[in-house]
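A short write-up of the structure that comes next.
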Protein chains: 2
Amino acid sequence: MSKHNIRLKDIAEELGISIPSVSRALNNKPDIGKETKKKVFELAEKLHYQRNQFAINLKNQKSFIIGVIIPQIVHHFFSNVISGIINEAEKLSYSVMLYQSNESYESELKGVDTFQRSMIDGLIISLSDNTINVDHLKNLQEHNVPVVMIDKVNPEMESAKIICDDYKGAYYATEHLISLGKKKIAHITGLADPYTIKERYKGFESALRDYKLTFYPNFMKKCNLVSREDGYTSTLTLLSENEIPDAIFCATDPTAIGAIQAIKEKGLRIPEDIAVMGFSDWKMASVVDPPLSSVAQPDYEMGKKAVELIINEIQLTRENKPIKYETYIMETSLILRESTLGK
Amino acid sequence: MSKHNIRLKDIAEELGISIPSVSRALNNKPDIGKETKKKVFELAEKLHYQRNQFAINLKNQKSFIIGVIIPQIVHHFFSNVISGIINEAEKLSYSVMLYQSNESYESELKGVDTFQRSMIDGLIISLSDNTINVDHLKNLQEHNVPVVMIDKVNPEMESAKIICDDYKGAYYATEHLISLGKKKIAHITGLADPYTIKERYKGFESALRDYKLTFYPNFMKKCNLVSREDGYTSTLTLLSENEIPDAIFCATDPTAIGAIQAIKEKGLRIPEDIAVMGFSDWKMASVVDPPLSSVAQPDYEMGKKAVELIINEIQLTRENKPIKYETYIMETSLILRESTLGK
DNA sequence: ATGAAAGCGCTAACAA
DNA sequence: TTGTTAGCGCTTTCAT
């Protein structure tokens with residue numbers, strides 16, 4: 001067993017030349033003899049030489065690692081974001097370190113700390129819902145580690161931000177329902193905290209107003225988790241009232257799926273009696289019965305964009321140039337299926 | 001702007017003491033004066049000192065990074081595996097570097113190469129379907145980087161392996177269908193290449209044999225992608241024959257969902273006319289109509305186990321101790337829903 | 001074209 | 001308890 005990995009020194013000694021010469025050869029520097037270079041390459045190959053990046057990192061103070069913190073990996077949106085990040089990072093020769101906060105602020109802190117110890121060159125983060133204080137991120141920036149925020153952003157952070165146009169997505173979704181002739185549209189939303197959910201609510205409301213539809217306060221259901229269960233029970237409540245909606249726009253797909261379940265149980269038809277619209281276009285949206293119309297977010301593209309931005313910032317930071325922080329708003333798109341269009 | 005990050009040297013100079021003293025203080029070594037220690041900590045705090053891990057890594061030849069390569073992140077099974085890996089790694093103070101091969105052998109090679117340059121301490125890998133040669137992994141092992149294989153394994157690799165008992169899972173699934181009184185059970189499988197799919201087929205066959213049921217060759221459908229479309233068309237073919245099955249066991253959940261779609265279109269009842277069973281218990285299994293019975297794999301647990309194993313091997317490698325490679329077979333569990341049980 | 005020397009930031013061995 | 005010295009593996013001056 002080779003006790004230690006091969007070093008430049010080993011090659012230099014065996015060839016009877018100096019270490020810098022070996023280094024020059026392997027790095028294809030101009031100032032090295034053709035003959036020497038050849039010999040070095042051959043021996044390196046033979047000994048399975050692998051450069052020791054630790055030393056190079058120490059010299060360059062650069063790891064070529066991007067840290068990524070997201071709330072949960074097992075989530076259609078985020079796994080696509082990550083997929084975009086990884087594929088793009090690969091193209092630009094960066095590695096991606098991944099951490100999930102599980103929606104815990106403490107865990108997010110720990111992630112930042114771990115990453116800081118791993119000497120990441122930059123951080124892409126989607127905040128946990130429980131994060132209000134962003135000092136840990138500001139601290140990172142002070143240590144010359146750029147931060148790019150994605151989706152779950154925070155106004156207190158001065159950084160590049162990538163969000164998707166939840167407002168417009170919700171507006172168009174509502175508009176679509178209106179175009180079907182629906183007049184009594186309900187909305188199932190979450191607690192107002194997460195920025196994205198709030199935007200969806202706003203978009204919904206604006207569309208109603210622009211098209212001069214009545215806003216029924218009873219048709220607004222707030223639920224905690226925007227989960228399938230919440231969608232189910234909220235819809236049952238909606239359907240138990242005197243006046244029931246002819247369409248439901250749900251702030252998330254799971255909620256919409258719960259709504260579908262409730263509507264079907266009540267013996268009502270979708271979309272004839274009640275049309276249903278979700279948000280995020282989860283993979284499951286296409287397999288429910290009826291298939292769910294939804295608002296698709298440019299998840300993969302957002303990840304890709306985040307990598308572009310962070311690498312650019314890493315570069316600028318390195319050159320000590322000023323960085324202009326912008327917020328990038330990416331467009332959503334309507335995915336129309338049977339839950340609104342019918343067969 | 002702080003041009004450079006704070007070093008031990010900066011603290012030492014400002015305090016008029018030596019660098020090692022600062023190091024000792026910050027590392028809570030015993031041989032350091034209480035007073036000095038206090039002063040060092042205070043100044044370090046004030047200057048926002050962050051240790052430079054590059055230097056420590058160079059010294060220790062250790063990165064505390066685990067590399068993970070999987071075919072695709074956007075996949076229910078793998079995202080859960082990764083979730084298990086990350087959460088467990090966090091507990092043990094390791095960072096996780098992630099790469100997806102997108103089922104390409106070349107991409108997998110590139111991932112290994114990138115990771116090697118990032119000086120990972122160990123690799124957890126689930127092979128791409130197109131990987132037959134494993135020299136890239138053997139090469140890693142030769143450079144003292146342990147490798148643990150998960151799910152998609154290769155018999156040529158001498159390494160720890162974690163798989164789940166696809167054979168038994170399929171056996172129990174089939175047994176369940178038999179227990180419902182079903183006698184003409186079809187199986188939709190994939191091309192035999194991936195080990196896991198083959199095992200599922202074997203388990204299915206064994207159950208039929210053990211329970212002395214007829215094996216109808218016509219009821220075996222092989223399809224390329226085990227996708228929803230393939231499941232749909234395969235089932236349509238099945239249903240167009242003279243004799244049709246009274247149950248279908250599908251090698252994957254998407255296939256099963258395609259099968260459900262086809263059966264419903266034909267006006268047959270599930271499970272009364274035809275019961276349907278999937279494999280992997282994707283998130284979508286619970287939202288289709290009727291909810292799909294499936295075989296759940298211990299994905300999260302597999303990820304967790306992989307971290308345990310790799311860190312143990314990293315330790316043993318470091319101490320130059322011999323490693324005994326074992327294959328861990330994790331149990332699946334039946335998740336029974338309406339597609340077999342009825343309402 | 002090549003070698004000698006210095007240094008990236010930190011820690012460990014040895015002295016004092 | 002503290003300082004001095006050396007070294008992790010590599011690259012980059014500066015000489016030659």
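Since this is a predicted model, take the numbers as computed values, not measurements. Each chain gets a letter, A, B and so on, in the order the sequences are listed, and its residues count up from 1.
- Within a heavy-atom distance below 4.0 Å of DNA chain D, the residues of residues 36-51 of chain B found are B:T36.
- Computed from coordinates, the B:K29 NZ to C:dC10 C1' distance equals 11 Å when rounded to whole Å.
- Aromatic rings from A:Y49 and B:H143 are positioned such that their centres are separated by 6.0 Å or more.
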Could you go through residues 299-309 of chain A and list every donor-acceptor pair under 3.5 Å that involves a side-chain atom there, pairing it with any protein atom two or more places apart or in another chain?
| unit_1 | atom_1 | unit_2 | atom_2 | d |
| --- | --- | --- | --- | --- |
| A:Y300 | OH | A:N87 | ND2 | 2.9 |

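- Within residues 52-63 of chain B, the residues approaching DNA chain D are B:L58, B:K59, B:Q61, by heavy-atom distance under 4.0 Å.
- Ring planes of A:Y105 and A:H136: perpendicular class, angle over 60° (limits at 30 and 60°).
- Distance check, rounded to the nearest 0.5 Å: CD1 of B:I6 to CG of B:L47 gives 4.5 Å.
- Annotation: A:K138, atom NZ; neighbour count of heavy atoms from other residues, nucleotides and ligands within 6.0 Å is above 12.
- A side-chain N or O of B:Q61 and one of A:N52 form a donor-acceptor pair less than 3.5 Å apart.
- Protein atom CG of B:N5 is 14 Å distant from nucleotide atom P of C:dC8, rounded to whole Å.
- Between the side chain of B:N154 and the backbone N or O of B:E156 there is at least one donor-acceptor pair closer than 3.5 Å.
- The terminal axes of the helix from C:dA1-D:dT16 to C:dA16-D:dT1, fitted over 5 pairs per end, subtend an angle of 50° to the nearest 10°.
- Proximity of residues 9-19 of chain B to DNA chain D (heavy atom under 4.0 angstrom from any strand atom) is restricted to B:I17, B:S18.
- At C:dT2, none of the side-chain N or O atoms of A:S21 fall inside 4.0 Å of OP1 or OP2 (strictly under the cut-off).
- Using a 4.5 Å heavy-atom cutoff, the side chains of B:I65 and B:M119 are not in contact.
- Atom CD of A:E103 and atom OG of A:S128 lie 5.5 Å apart (nearest 0.5 Å).
- A donor-acceptor pair under 3.5 Å is absent between the side-chain atoms of A:N27 and the main chain of A:K29, judged by distance alone.
- One N or O on the side chain of B:Q141 and one on the backbone of B:E158 form a donor-acceptor pair closer than 3.5 Å.
- Judged as a side-chain hydrogen bond (donor to acceptor under 3.5 Å, both in side chains), and not counting sequence neighbours, the contacts of B:E319 are B:Q315, B:K321.
- Taking the 5' to 3' direction, DNA chain D first and last meets chain B under 4.0 angstrom from a heavy atom at D:dT1 to D:dG9.
- A:S21 and A:S18 share a side-chain donor-acceptor pair at under 3.5 Å.
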At a cut-off of 3.5 Å, list every protein nitrogen or oxygen paired with a nitrogen or oxygen from nucleotides 13-16 of chain C, distance to 0.1 Å.
none

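- Nucleic acid contact class of A:K34 (heavy atoms, under 4.0 Å, all strands): none.
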Taking distance alone, no hydrogens or angles, what donor-acceptor pairs closer than 3.5 Å link side-chain atoms of residues 36-44 of chain A to residues at least two apart or in another chain?
| unit_1 | atom_1 | unit_2 | atom_2 | d |
| --- | --- | --- | --- | --- |
| A:K37 | NZ | A:N28 | OD1 | 3.2 |

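- Looking at A:S79, its side chain does come within 3.5 Å of a backbone N or O of A:H75 through a donor-acceptor pair.
- Qualifying side-chain hydrogen bond (donor to acceptor under 3.5 Å, both in side chains) partners for A:N80, counting only residues two or more places apart in sequence or in other chains: A:H76.
- Among residues at least two apart or in separate chains, salt bridge (charged side-chain N to carboxylate O under 4.0 Å, His left out) pairs with a member in residues 113-133 of chain B are B:K62-B:D121, B:D113-B:R117, B:D129-B:K152.
- Counting only residues at least two apart or on different chains, no salt bridge (charged side-chain N to carboxylate O under 4.0 Å, His left out) pair has a member in residues 63-75 of chain A.
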